[in-house]
Amino acid sequence: MNVNEVKKLALDIRIEALNMMSKHGFGHVGGSLSIADAIAVLYGEQMKYDPQNPKWEARDYLVLSKGHCGPALYSALAIKGFFPREELLTINEIGTRLPSHADKNLTPGIDMTTGSLGQGVSCALGMALALKIQGKDNMVYSIIGDGEAQEGQVWETLLIAPNKGVKNFIVMLDNNKQQLDDFVEKISPLGDVRKKAEDFGWHAVTVDGHDVEAINAAIEECKASDKPGFINLETVKGKGWPAKEGVNGNHALRGPAFEGVEEVLENMRKELAAMN
Ligand SMILES: Cc1ncc(C[n+]2csc(CCOP(=O)(O)OP(=O)(O)O)c2C)c(N)n1
Ligand SMILES: [Mg+2]
């Protein structure tokens with residue numbers, strides 16, 4: 001893996017996501033920033049896709065089960081050429097192809113409509129199972145949130161996938177410790193979630209979710225296993241915007257809450273230029 005390229009992609013994703021949300025005046029900032037590194041590994045290294053042919057049969061699939069973080073995924077898709085970068089600034093506007101939550105009927109490169117927490121990951125299991133039954137080896141990835149893991153449907157997926165032998169399926173948990181308006185630990189702690197997944201029959205690993213090399217190695221390890229993979233990404237909600245990292249109120253920002261974003265973007269752009 002070209003580590004510098006993937007790190008650049010992660011930073012570019014953060015820049016584009018913050019830029020579109022702040023210009024629009026609303027967006028799920030915290031959870032979009034916490035998955036930027038995982039998305040960069042997927043689109044910068046691991047996934048097979050063709051921006052000119054988003055429905056390419058041999059592609060790998062990503063179901064962003066925490067669909068409210070569409071901005072991070074849209075950024076990766078635009079950077080990789082699925083649609084023009086300028087289109088990112090249409091987010092959430094009337095007639096846009098980029099609603100705040102992922103929509104497979106609107107956006108090139110989006111394979112499942114998500115936003116109702118819990119449902120995406122179970123659709124992803126169905127997709128992985130269908131591919132397996134057809135004897136295909138496409139990978140299906142799904143990213144879930146730690147607050148999302150309070151949905152019973154997530155646990156049905158965790159229970160069923162190993163029994164169906166879908167080794168082409170990798171679930172990544174964005175374990176950023178925060179949900180909509182408080183800390184997961186305070187509302188409904190997940191406990192040792194890696195161990196829980198392992199006990200259910202997954203090949204389960206925990207990694208630093210902001211270390212692209214570690215994320216990539218975890219995916220490789222899961223792919224080499226004959227079980228479905230579960231990657232517990234230890235992340236920080238709001239990662240990359242220091243004033244918003246790990247603090248309450250970083251879930252969705254509106255209007256004045258974006259104060260300070262220009263300075264953050266400027267610093268990120270300088271950092272990106274220095275990496276070239
Ligand atoms: C079924 C359902 N219930 C409630 C919501 C509203 N909602 C959107 S994001 C969110 C919090 C999700 O927390 P988490 O999964 O930890 O996401 P992240 O930290 O990545 O933002 C909630 C409750 C929803 N989208 N779907
Ligand atoms: Mg969370």
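Atoms within a ligand are numbered from 1 in the order they appear, just like the ligands themselves.
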Are there more than 12 heavy atoms of other residues, nucleotides or ligands under 6.0 Å from atom CD of Glu259?
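Open.
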
In terms of heavy-atom contacts, does NZ of Lys223 have more than 12 from other residues, nucleotides or ligands at under 6.0 Å?
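Correct, the count exceeds 12.
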
Any side-chain donor paired with an acceptor under 3.5 Å for Glu148 and Ser65?
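Indeed, the side chains of Glu148 and Ser65 share at least one donor-acceptor pair under 3.5 Å.
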
Measuring from the Mg ion (ligand 2), count protein N/O/S atoms under 2.8 Å, please.
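Of the protein's nitrogen, oxygen and sulfur atoms, 3 lie under 2.8 Å from the Mg ion (ligand 2).
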
Hphob cluster co-occupancy, Ile39 + Ile170, side-chain heavy atoms under 4.5 angstrom
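Yes, one cluster joins them.
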
Determine yes or no for a side-chain-to-main-chain donor-acceptor pair under 3.5 angstrom, with [X] supplying the side chain and [Y] the backbone.
X      : Y      : answer
Ser22  : Phe258 : no
Gln134 : Ala130 : yes
Arg254 : Phe26  : no

What is the ring orientation for Phe82 with Tyr49, classed by angle as parallel under 30°, tilted 30 to 60°, or perpendicular over 60°?
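Tilted: the ring planes of Phe82 and Tyr49 meet at 30° to 60°.
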
Sort out for me which residue in Lys244, Gln179, Gln178, Lys237 forms a side chain to side chain donor-acceptor pair (under 3.5 Å) with His251.
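Going through the options one by one, the only one that passes is Lys237.
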
Check: every ligand 1 N/O to protein N/O pair under 3.5 Å:
| from | atom 1 | to | atom 2 | distance (Å) |
| --- | --- | --- | --- | --- |
| ligand 1 | 15 (O) | Gly147 | N | 3.3 |
| ligand 1 | 15 (O) | Glu148 | N | 2.8 |
| ligand 1 | 16 (O) | Asp146 | OD1 | 2.7 |
| ligand 1 | 16 (O) | Gly147 | N | 2.8 |
| ligand 1 | 16 (O) | Gln178 | O | 3.0 |
| ligand 1 | 17 (O) | His68 | NE2 | 3.4 |
| ligand 1 | 19 (O) | Asn176 | OD1 | 3.1 |
| ligand 1 | 19 (O) | Asn176 | ND2 | 3.0 |
| ligand 1 | 19 (O) | Gln178 | O | 2.9 |
| ligand 1 | 19 (O) | Lys237 | NZ | 2.8 |
| ligand 1 | 20 (O) | Lys66 | NZ | 2.6 |
| ligand 1 | 20 (O) | Asn176 | ND2 | 3.3 |
| ligand 1 | 21 (O) | His68 | NE2 | 2.8 |
| ligand 1 | 21 (O) | Lys237 | NZ | 2.9 |
| ligand 1 | 21 (O) | His251 | ND1 | 3.4 |
| ligand 1 | 25 (N) | Gly115 | O | 2.7 |
| ligand 1 | 26 (N) | Leu117 | N | 3.1 |

